[in-house]
Amino acid sequence: MRLMGMMLLGAGLLLVGLGGFEKVLIYAARAQNINDVYTLKDLTPDYIWNITNITLVGGIVIAVLGLFLFLYKRIASDIQQQNREFEDRISRDQP
């Protein structure tokens with residue numbers, strides 16, 4: 001589970017970097033005509049701009065999922081420990 005989390009985290013970070021790099025390439029292709037992001041977005045076809053957004057958002061989702069899987073065992077053991085402590089406290093308080 002930990003290895004899969006590390007792989008997903010790495011893949012997600014790679015996709016985030018790729019999405020950002022795609023936006024930089026789009027800007028660099030039209031740098032002489034562009035002064036702001038809104039003009040760049042207007043000059044770029046929607047399907048190309050959406051590809052970069054999907055790559056960026058997909059990378060963020062995969063990275064968060066990978067981080068969760070990487071930390072899952074620790075989080076689960078902490079929750080189980082707190083649950084045991086709570087049940088012990090409840091059982092002591094009951095007559």
Side-chain angles (χ1 to χ4, degrees):
M1 200 69 126
R2 230 174 136 89
L3 181 61
M4 184 173 173
M6 286 174 40
M7 289 185 340
L8 283 176
L9 182 62
L13 292 176
L14 184 69
L15 284 175
V16 168
L18 181 64
F21 185 62
E22 289 171 348
K23 289 188 183 288
V24 169
L25 286 178
I26 291 171
Y27 175 77
R30 300 187 183 243
Q32 63 275 13
N33 302 340
I34 308 290
N35 293 330
D36 61 353
V37 175
Y38 300 109
T39 307
L40 177 66
K41 190 174 177 187
D42 289 340
L43 292 174
T44 306
D46 286 339
Y47 61 90
I48 292 177
W49 194 256
N50 287 338
I51 289 171
T52 62
N53 289 338
I54 290 169
T55 305
L56 195 65
V57 171
I60 291 170
V61 169
I62 291 173
V64 168
L65 179 64
L67 186 63
F68 175 75
L69 288 176
F70 182 71
L71 299 175
Y72 173 73
K73 197 168 203 173
R74 181 176 178 179
I75 292 170
S77 66
D78 287 346
I79 291 172
Q80 288 173 351
Q81 178 64 28
Q82 289 174 358
N83 189 33
R84 277 188 230 109
E85 291 172 2
F86 177 74
E87 288 176 350
D88 290 343
R89 195 170 359 132
I90 293 297
S91 66
R92 282 183 295 188
D93 292 342
Q94 292 179 351

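Just so you know, residue 1 is the first one in the sequence shown, and it goes up from there. This one's a predicted model, so the numbers in the text were calculated from it and none came from an experiment.
Phe86 forms part of a hydrophobic cluster together with Ile90, judged by ILVMFWY side-chain heavy-atom separations under 4.5 Å.
Tyr38 and Trp49 fall into different hydrophobic clusters, where Ile, Leu, Val, Met, Phe, Trp and Tyr side chains are chained together by heavy-atom contacts under 4.5 Å. At a threshold of 4.5 Å between side-chain heavy atoms, the hydrophobic network of Ile, Leu, Val, Met, Phe, Trp and Tyr places Ile62 and Leu56 in two separate groups. When the side chains of ILVMFWY residues are joined at heavy-atom separations under 4.5 Å, either directly or via intervening members, Leu9 and Leu71 end up in a single hydrophobic cluster. Leu15 and Phe68 fall within the same hydrophobic cluster, where Ile, Leu, Val, Met, Phe, Trp and Tyr residues are linked whenever their side-chain heavy atoms come under 4.5 Å apart, directly or through other members. A continuous path of Ile, Leu, Val, Met, Phe, Trp and Tyr side chains, each step under 4.5 Å between heavy atoms, connects Tyr27 with Ile48, placing both in one hydrophobic cluster.
Atom CG of residue Asn53 and atom CG of residue Asp46 lie 10.0 Å apart, to the nearest 0.5 angstrom. Remark: Leu25 CG to Leu18 CG distance equals 9.0 Å, nearest 0.5 Å. Taking CE of Met7 as the reference point, atom CG of Leu14 lies at 13.5 Å (rounded to 0.5 Å).
Results of the side chain to side chain donor-acceptor pair (under 3.5 Å) test with Lys23 over Thr52, Thr44, Thr55 single out Thr52 as the only residue that passes.
Nearest heavy atoms, Leu69 versus Leu8: CD1-CD1, 3.6 Å.
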